[in-house]
Amino acid sequence: MIRSRWRPELGLAVVVLVLGVLVVIGTLDVSAAASQLGVGPRFFPMLVGGAMVVIGLFYVADVLRGGHGDPEESEDVDAAAPTDWRSVGLVSGVFLAFAALLDLLGWIVGASLLFFGLSVVLGAEHKVRAAVVAVVMGVATYLLFVHGLGVNLPGGVFAP
């Protein structure tokens, strides 16, 4: 009976559900004071984890009732085209480099390099504009998390 109901959509639904549960459980260990806005560092992970649990439950129920994903119908997508493994590898390399260098460089430099690297790998035509936007996003996310949410991010090269 289980074999007849098993489809790839059910696998994805279960993955979303399990990841949501893991996020909620992992967030329960976070302890820190609330920020000036009254929102602590547990708020957003709990919000995202809870949403993933709810979406996962609805997705599992939908798949078990016969729901399925619609086939790709957009004009500019060739479903028969092979995977661009070069881009997949480059994006993965950028993420791995970010993870490896985050403590050394700090959030602002690391995130700026992450955003710039991803934009270049994904085809940004204006490199200078991509670099400026990447730095603005790195600084903005740092300020949002550190000053807005009270979350400590690595200072790296800017640490006192």
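Heavy-atom minimum distance, Gly49 versus Val23: CA-CG1, 3.7 Å. In terms of heavy-atom proximity, Gly138 sits nearest to Ser112 at CA-OG, 3.9 Å. Nearest heavy atoms, Val21 versus Val53: N-CG2, 3.5 Å. Residue Leu105 comes nearest to Val109 through the heavy atom pair O-CB, 3.8 Å, listed as atom of the first residue, atom of the second, then distance. Residue Thr83 comes nearest to Val88 through the heavy atom pair CG2-CG2, 4.2 Å, listed as atom of the first residue, atom of the second, then distance. When all heavy atoms are compared, the tightest approach of Met46 to Thr27 is CG-CG2, 3.5 Å.
Ring geometry for Phe98 versus Trp107: interplanar angle over 60°, hence perpendicular rather than tilted (30 to 60°).
Residues Phe58 and Val48 do not share a hydrophobic cluster, defined by chaining ILVMFWY side chains whose heavy atoms lie under 4.5 Å apart. The hydrophobic cluster containing Phe115 does not contain Val136, counting ILVMFWY residues as joined when their side-chain heavy atoms lie under 4.5 angstrom apart, directly or transitively. Leu104 is connected to Leu102 through a chain of hydrophobic side-chain contacts under 4.5 Å among Ile, Leu, Val, Met, Phe, Trp and Tyr, so both are in one cluster. Note on Val94: it does not cluster hydrophobically with Phe116, by side-chain heavy-atom contacts below 4.5 Å among ILVMFWY residues. The hydrophobic clustering, which links ILVMFWY residues whose side-chain heavy atoms are closer than 4.5 Å, places Val120 and Leu122 apart.
The distance from the CD1 atom of Ile108 to the CE atom of Met137 is 14.0 Å, given to the nearest 0.5 Å. Note: Ser119 OG to Glu125 CD = 12.0 Å, rounded to the nearest 0.5 Å. One finds the CG atom of Asp62 at 10.5 Å from the CG atom of Leu10 (value rounded to the nearest 0.5 Å). Rounded to the nearest 0.5 Å, atoms CE (Met52) and CG (Leu47) are 12.0 Å apart.
With sequence neighbours excluded, the residues forming a side-chain contact (heavy atoms from CB on, under 4.5 Å) with Val146 are Tyr142, Leu153, listed by chain and number. Qualifying side-chain contact (heavy atoms from CB on, under 4.5 Å) partners for Asp84, counting only residues two or more places apart in sequence or in other chains: Arg86, Ser87.
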### Query
Could you go step by step and tell me if Leu17 and Tyr59 meet the side chain to side chain contact (heavy atoms under 4.5 Å, CB included) rule?
CA-CA 9 Å; Leu17 178 61; Tyr59 194 12; over 6 Å; no
### Task
Evaluate the side chain to side chain contact (heavy atoms under 4.5 Å, CB included) criterion for residues Leu118 and Phe95: first the C-alpha distance (whole Å), next the side-chain angles of each, then the deciding distance (0.1 Å), finally the verdict.
CA-CA 9 Å; Leu118 289 176; Phe95 275 112; 3.8 Å; yes
